K.L.:
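Shown below is the structure under consideration.
Nothing here was measured: the structure is a model prediction, and the numbers come from that model. Just so you know, ligand 1 is whichever comes first in the structure, and atom 1 is the first atom listed for that ligand.
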Amino acid sequence: MPDGLPTATVILKPRRARPFFGRHPWVLDSAVDRVDGAPADGDVVDLVTHDGSFVARGLWNSQSRLRLRLYGFDSSTPLDDGVWRRRIEAAVGLRQALGLDSRDGAARLVNSEGDDLSGLIVDRYGEYLAVQVTALAMQPRLELIADVLQDVAAPRGILLRGAERGLSKLEGLHLPDRLLRGTEPDGPIFVTEHGLRFGVDLAEGQKTGFYLDQRDNRQAAARFAAGRRVLDMFCYSGGFAVACAVTGRARSVLAVDTSAKATALARANADFNGAANVAVETADGFEKLDALATAGESFGMVVLDPPKFARSRGAVDDALRAYHRINRVACDLLEPGGILVTCSCSGSVTREDFLQMLAGVAQRSGRMLQLLEIRGAAADHPVSVSCLEGEYLKCVIARVV
Ligand code: SAH
């Protein structure tokens with residue numbers, strides 16, 4: 001492994017090489033004709049066309065349908081320790097260039113395919129790093145990764161956080177949460193985002209603790225909030241609610257989430273930022289939206305940031321129906337000229353699908369929707385143009401006439 005040279009050759013079926021010449025990094029088992037050699041999981045292997053021409057170099061995983069992840073497209077470069085080190089350094093360098101390296105802020109330092117490190121996610125929360133591994137092949141390289149992160153980011157501690165259970169199963173990963181380097185924080189960490197302070201629960205929080213991808217969208221939403229009554233539905237730790245109340249000078253905010261842990265964090269974050277006009281409620285989002293509409297309530301802004309509705313391409317139609325339903329009710333709740341901030345983090349729902357769904361909502365509700373901003377994840381979540389599967393987040397800001 002240390003020399004980074006291939007231990008086996010993976011031969012593609014005829015006419016299956018095109019995506020990989022196009023630098024797409026995921027080789028599914030269905031594209032593989034046979035393997036020359038007996039690679040262990042995590043080994044470096046070469047990918048060749050059916051007639052033996054070199055295509056790319058990657059890491060093998062016999063346990064996943066995603067049999068091979070590609071990390072190099074040049075036969076003269078071994079996938080040795082130097083490659084991982086240089087890629088992590090480059091990723092951290094980008095965040096420095098983006099001005100996201102302050103010691104009390106939070107940022108994603110490594111974004112998987114978007115940083116040419118498929119299967120590795122690293123988030124920095126103040127002085128601590130949270131590492132998530134979503135590829136089995138990264139597991140044997142964890143010590144090296146931790147060493148490099150210690151060198152380039154000098155954190156107080158590096159924590160390993162398990163990937164989503166479904167994802168781990170697909171990859172054959174068994175990585176319990178543990179401390180990789182340094183010390184664990186002895187309570188919540190506080191980070192600054194656009195001048196606001198948020199408590200982050202690194203040990204128990206959702207994702208790695210905070211939805212960093214929405215950082216700039218929270219600010220964008222706040223720009224429209226002045227003087228309005230705002231509903232922050234699916235609020236988690238209150239990111240949109242606090243931004244709208246404090247930065248945006250909203251008249252009042254109602255923040256709702258089904259998780260009591262989330263609403264406790266949202267309450268604490270609102271108080272911590274002196275936002276006395278934020279009310280927080282633990283309730284099911286679908287039921288609460290219906291109840292507010294039935295009660296004839298109205299809002300000047302509604303933020304919808306639901307969990308992932310579509311886990312696969314096959315679930316897209318059901319997901320779109322669910323998006324339609326909540327956006328339809330949100331429009332009913334909005335006064336004329338009200339602002340809808342509507343998000344989707346389902347990667348299999350495309351931007352076009354999502355906008356089509358909104359067109360359906362306009363049709364059904366008889367209201368014109370003016371698109372003001374169509375946004376994605378913040379710049380510390382780069383997407384490789386060769387792997388658009390990494391572009392999952394949509395955040396549409398629309399005026400409902
Ligand atoms: N807007 C948040 C992130 C929201 S993530 C931020 O900026 O940080 C989606 C949230 O939806 C999670 O907090 C999850 O607890 C919540 N959720 C999931 N199902 C729900 C439901 N049926 N009703 C209300 N909230 C739900």
K.L.:
Evaluate Asp305 for polar contact with ligand 1, using N/O atom pairs at a separation under 3.5 Å.
P.N.:
yes
K.L.:
Check Arg215 with Asp380, please: is the shortest side-chain N to carboxylate O separation under 4.0 Å?
P.N.:
yes
K.L.:
Check Arg229 with Glu335, please: is the shortest side-chain N to carboxylate O separation under 4.0 Å?
P.N.:
no
K.L.:
Any nitrogen or oxygen of Tyr211, side chain or backbone, less than 3.5 Å from one on ligand 1?
P.N.:
no
K.L.:
Short list, please: which atoms of ligand 1 are under 4.0 Å from a heavy atom of Phe240?
P.N.:
1 (N), 7 (O)
K.L.:
Quick one: which ligand 1 atoms are inside 4.0 Å of a heavy atom on Ser259?
P.N.:
15 (O)
K.L.:
For the 3.5 Å polar cut-off, considering only N or O atoms, please tell me whether Asp257 and ligand 1 meet it.
P.N.:
yes
K.L.:
Does this structure show an ion pair linking Arg325 with Asp290, if we count only N-O contacts that are shorter than 4.0 Å?
P.N.:
yes
K.L.:
Which is closest to atom 18 (C) of ligand 1 by heavy-atom distance: Cys345, Pro307, Ala322?
P.N.:
Pro307
K.L.:
Does this structure show an ion pair linking Asp271 with Arg267, if we count only N-O contacts that are shorter than 4.0 Å?
P.N.:
yes
K.L.:
Using a 4.0 Å cut-off to any heavy atom of Asp284, which atoms of ligand 1 qualify?
P.N.:
21 (C), 22 (N), 23 (N)
K.L.:
Which of these, Val303, Val400, Leu372, sits in a side chain to side chain contact (heavy atoms under 4.5 Å, CB included) with Ile339?
P.N.:
Leu372
K.L.:
Give the atom numbers and elements of ligand 1 that come within less than 4.0 Å of a heavy atom of Tyr236.
P.N.:
2 (C), 3 (C), 4 (C), 8 (O), 13 (O)
K.L.:
Closer than 4.0 angstrom, basic N to acidic O: yes or no for Asp151 and Arg85?
P.N.:
yes
K.L.:
Please determine if Arg181 and Asp147 form a salt bridge, counting it only when a charged side-chain N lies under 4.0 Å from a carboxylate O.
P.N.:
yes
K.L.:
One thing to verify: whether Arg95 and Asp101 come together as a salt bridge, which I'm taking to mean a side-chain N less than 4.0 angstrom from a carboxylate O.
P.N.:
no
K.L.:
Quick check: does Phe234 get an N/O under 3.5 Å from an N/O on ligand 1?
P.N.:
yes
K.L.:
Within less than 4.0 angstrom of ligand 1, does Ala283 place any heavy atom?
P.N.:
yes
K.L.:
Taking atom 8 (O) of ligand 1 as the point of reference, which of Gln214, Arg215, Lys288, Arg218 owns the nearest heavy atom?
P.N.:
Arg218
K.L.:
Checking the N or O distance criterion of under 3.5 Å, is ligand 1 in contact with Gly285?
P.N.:
yes
